[in-house]
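Scroll down for the structure; my scribbles are underneath it.
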Amino acid sequence: MTNAIHPARVRFAPSPTGRLHIGGARTALYNYLLAKQTGGQFILRLEDTDSKRLDPAAEGEIYDSLKWLGLTWDEGPMIGGEYGPYRQSERKQIYNELIQELIERGHAYYCFCSQERLVKLRQEQKKRKEPPHYDGLCRKLPNEEAESWVQGGESHVVRFKTPKEGTTTAIDLLRDPIQVQNNTLDDFILIKSDGMPVYHFAAIADDHLMQITHVFRGSEWLPTFPLHVLIYQAFEWQQPVWAHLSVLLNPTGKGKLSKRYAADPKKGAKSVYVLDLQEMGYLPQAVNNWMALMGWSYDDHSELFAMPELIKAFSLEKLHPSPAAVNFSKLDHFNGLYLRNLSILELTERIQPYFEKAGYNADSESLLPIAALVQKRIRTLADAVEIAGFFFEESINPPPVDLIGKGMTAVESALAAEMAHKRIGLLDLAEHDAVETDLRKLAEELSLKAGQLFGILRLAITGQKVSPPLIATMAIVGKSLVLSRISEAIQKLKQLDHSK
RNA sequence: GCCCCCAUCGUCUAGGGGACUAGGACGUAGGCCUUUCAAGCCUGAAACGGGGGUUCGAAUCCCCCUGGGGGCACCA
């Protein structure tokens with residue numbers, strides 16, 4: 001594999017305008033994988049050149065999300081690096097120098113057109129059914145004149161002087177070469193009137209300056225890809241390897257993965273935000289594994305890749321260009337797999353915060369045997385509370401009718417419960433096999449199926465129709481509580497009969 | 001409207017001219033196991049969007065159509 005030979009310098013360059021979602025995280029993951037695989041560097045860069053859209057909370061959440069996923073960066077904010085600063089807002093001077101060079105080279109020019117004129121221009125073009133574009137008015141301005149206006153403090157932007165003739169070929173790793181006629185390209189803005197660069201310029205400048213070797217980014221950049229190539233050519237810089245990743249679609253396959261799904265977790269659609277996934281009880285390795293497989297595959301049957309395997313197995317050649325609808329039930333599946341791979345001790349530690357959050361006083365000692373019982377029954381850490389919360393409940397209050405055994409009357413159920421109460425009183429609940437043998441014998445004596453008896457006891461003891469295995473559950477609940485709950489159940493069953 | 005990209009089961013995908021009666025996974029249906037629910041195991045249903053070419057031969061190559069997605073900002 002060619003990419004294994006040279007260490008790759010790759011970057012994840014989010015804009016701190018919102019929370020990190022799985023689309024961005026998956027891009028970060030691929031970058032990380034390539035860096036680790038090749039012994040290169042994974043760089044984090046903040047593209048914060050639009051002050052209007054900045055979200056003060058976003059930066060921190062990006063850090064937290066990446067750290068939770070284990071995608072730690074080798075250079076970037078907080079930790080620095082040789083190629084800093086890693087916030088674009090702090091690199092204004094660098095861009096200014098570069099833009100001067102571009103103007104001198106004759107590839108960029110000052111533009112003094114007002115926003116109003118531009119808006120009007122576009123409206124007219126639209127009316128004429130032309131694609132909106134800058135008409136090049138200021139392109140014709142003599143350099144000296146423009147220069148003096150700038151000196152005079154005239155508000156201005158800097159535009160790229162897009163070639164009017166010829167074609168530009170952009171090479172993307174995942175697709176055929178993309179060829180466009182230069183005359184269909186706009187004289188796009190490089191530097192805004194506030195002096196800040198626009199993405200098209202800042203990203204390219206930084207990728208070059210930071211010696212980025214491979215650029216992974218969303219395919220929403222495909223239409224402007226040739227523009228970026230043109231900037232490289234104007235500077236006579238060497239381009240990185242480009243790979244435009246498939247977009248992630250909503251679970252329905254309709255439309256780009258949207259915030260609406262994030263805010264609307266109904267119908268199996270979970271949140272698209274990384275930190276929400278953490279809170280819901282997903283494991284980072286499951287999320288990584290899941291994300292990696294949207295747009296990348298290894299072969300025709302391997303799917304389970306923990307991070308070390310992912311780093312080994314990842315390859316640019318197997319990246320897939322077509323859009324992918326996210327499938328949250330597959331995330332559940334992976335999470336279940338990783339959950340079952342955890343040691344009981346680790347599972348205990350992981351589920352403990354969820355019990356605490358639910359208001360249960362669950363220390364790890366008491367949680368340990370419970371963890372063992374729920375491990376095969378949960379798909380998220382939060383599920384553990386749902387299925388085993390009753391262990392920490394003072395009183396469980398099953399609806400009396402639920403206590404009636406399958407195909408039985410309340411009287412029969414009460415009788416069975418009474419008999420069971422007597423037997424259990426004589427048993428050592430720690431002896432699982434003996435308890436089971438005895439209760440089965442009792443069922444037989446009562447002419448009941450084991451399931452009928454167990455069902456009554458299950459409801460009586462756990463308050464749930466679905467629970468971990470009864471015998472083991474009883475051992476954890478403890479004899480005295482088991483007996484008192486069965487007694488309560490007997491009372492309820494009797495009342496049920498009387499009220500009839 | 002214009003530009004760009006994409007196209008295999010419901011979903012994620014393997015496939016890069018003959019090994020394809022198209023493989024795997026999720027989900028789904030049925031079964032086994034079973035004290036419930038899971039887990040596990042077994043079995044099944046389920047796809048090459050359409051039309052033209054090229055070729056002895058096409059899921060694989062080319063063209064058109066259709067469908068889907070993305071983009072057309074002093075946002076990224």
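Only a predicted model underlies this, so the values are computations on that prediction, with no experimental measurement involved. Within every chain, numbering begins at 1; the chains are lettered A, B, ... in the order of the sequence lines, protein sequences first and strands thereafter. FYI, side chains are in, hydrogens and waters are out, and symmetry mates aren't considered; it's all heavy atoms of this structure.
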Starting from [atom2] on [N], measure out to [atom1] on [X] and report it in whole angstrom.
X	N	atom1	atom2	value
R217(A)	C5(B)	CZ	P	15 Å
Q179(A)	C5(B)	CD	P	10 Å
R340(A)	C41(B)	CZ	P	10 Å
H244(A)	G70(B)	NE2	P	16 Å
L248(A)	G70(B)	CG	P	12 Å
H200(A)	C74(B)	NE2	P	9 Å
I189(A)	C74(B)	CD1	P	4 Å
R379(A)	C37(B)	CZ	P	16 Å

Quiz question: going by heavy-atom distance under 3.5 Å, is there a donor-acceptor pair between the base of [N] and the side chain of [X]?
X	N	value
E303(A)	G24(B)	yes
S193(A)	C74(B)	yes
R175(A)	C5(B)	no

Margin query: Can you see if the side chain of H320(A) gets near the phosphate of C6(B) - specifically, an N or O under 4.0 Å from OP1 or OP2?
Written below: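 False: H320(A) side-chain N/O out of range (4.0 Å or more) of C6(B) OP1/OP2.
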Note to self: Is the shortest side-chain heavy-atom distance between I456(A) and Q452(A) below 4.5 Å?
What the structure shows: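 The answer is no, as the side chains (C-beta and beyond) never meet within the 4.5 Å cut-off.
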- Task: Kindly determine whether R26(A) and S246(A) satisfy side chain to side chain donor-acceptor pair (under 3.5 Å), including the steps that lead there.
- Result: CA-CA 10 Å; R26(A) 183 257 238 142; S246(A) 59; 2.9 Å; yes
Integer angstrom distance from the C1' of A7(B) to that of G49(B)
8 Å
Of R377(A) and P131(A), the one whose nearest nucleotide on RNA chain B sits closer to the 5' end is P131(A)
Qualifying residue for ring-ring contact (aromatic ring centres under 6.0 Å, His included) with W290(A), from Y338(A), F328(A), F334(A):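 So, applying the ring-ring contact (aromatic ring centres under 6.0 Å, His included) to W290(A) and each of Y338(A), F328(A), F334(A), only F328(A) qualifies.
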In terms of ring plane angle, is the pair H156(A) and F112(A) parallel, tilted or perpendicular, where the classes change at 30° and 60°?
->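 Rings of H156(A) and F112(A): tilted, as their planes differ by 30° to 60°.
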